[in-house]
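Single-structure report; data block below.
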Amino acid sequence: MKEKRIIGKSAAETDLTVGAPLKVIIKFWVPMLLTCVLQQLYSAVDTMIVGQFLGKQALAAVGATGSVSFVIVGFWQISF
């Protein structure tokens, strides 16, 4: 039996306008939540290591660029 292929859609795409609203929202929300939690964990570990071993100026640099890093991850997350 031949497999039907929809042109223009990849296997990873999901139509968020079809289905039970709660299920669709959770499907959309879980990856975003995991990404945010992992980004915060990365930032916390980075801050601890830099503060412990590299000093005040390096820690200030990590703090100054933390929000930029978070924005980049946010845009990367939207693109997929």
Side-chain angles (χ1 to χ4, degrees):
M1 192 167 199
K2 285 189 175 182
E3 183 179 317
K4 280 189 175 181
R5 177 133 174 105
I6 299 172
I7 297 173
K9 281 196 167 199
S10 70
E13 289 183 16
T14 302
D15 189 357
L16 298 176
T17 62
V18 177
L22 184 60
K23 186 176 179 181
V24 171
I25 290 170
I26 290 173
K27 232 177 162 177
F28 181 74
W29 174 72
V30 168
M32 290 181 65
L33 177 69
L34 291 174
T35 302
C36 289
V37 168
L38 291 175
Q39 179 64 28
Q40 289 297 330
L41 182 63
Y42 174 81
S43 295
V45 170
D46 191 30
T47 300
M48 287 187 281
I49 291 173
V50 169
Q52 194 74 21
F53 298 108
L54 299 179
K56 292 179 184 178
Q57 288 181 334
L59 184 57
V62 168
T65 59
S67 58
V68 174
S69 173
F70 196 74
V71 168
I72 290 170
V73 168
F75 280 121
W76 175 79
Q77 186 176 10
I78 290 172
S79 67
F80 289 104

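- There is a path of hydrophobic side-chain contacts, each under 4.5 Å, that joins Val30 to Val37.
- No single ILVMFWY cluster, assembled from side-chain heavy atoms under 4.5 Å apart, contains both Val68 and Tyr42.
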Identify all side-chain donor-acceptor contacts of residues 43-56 below 3.5 Å with residues at least two apart in sequence or on another chain.
unit_1, atom_1, unit_2, atom_2, d
Ser43, OG, Gln39, O, 3.1
Thr47, OG1, Ser43, O, 2.8

Output a table of donor-acceptor pairs, distance under 3.5 Å, between side-chain atoms of residues 58-65 and any protein atom two or more places apart or on a different chain; print 'none' if there are none.
unit_1, atom_1, unit_2, atom_2, d
Thr65, OG1, Ala61, O, 3.0
Thr65, OG1, Val62, O, 3.4

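- Following chains of ILVMFWY side-chain contacts shorter than 4.5 Å, one cannot reach Leu38 starting from Met32, and the two form parts of different hydrophobic clusters.
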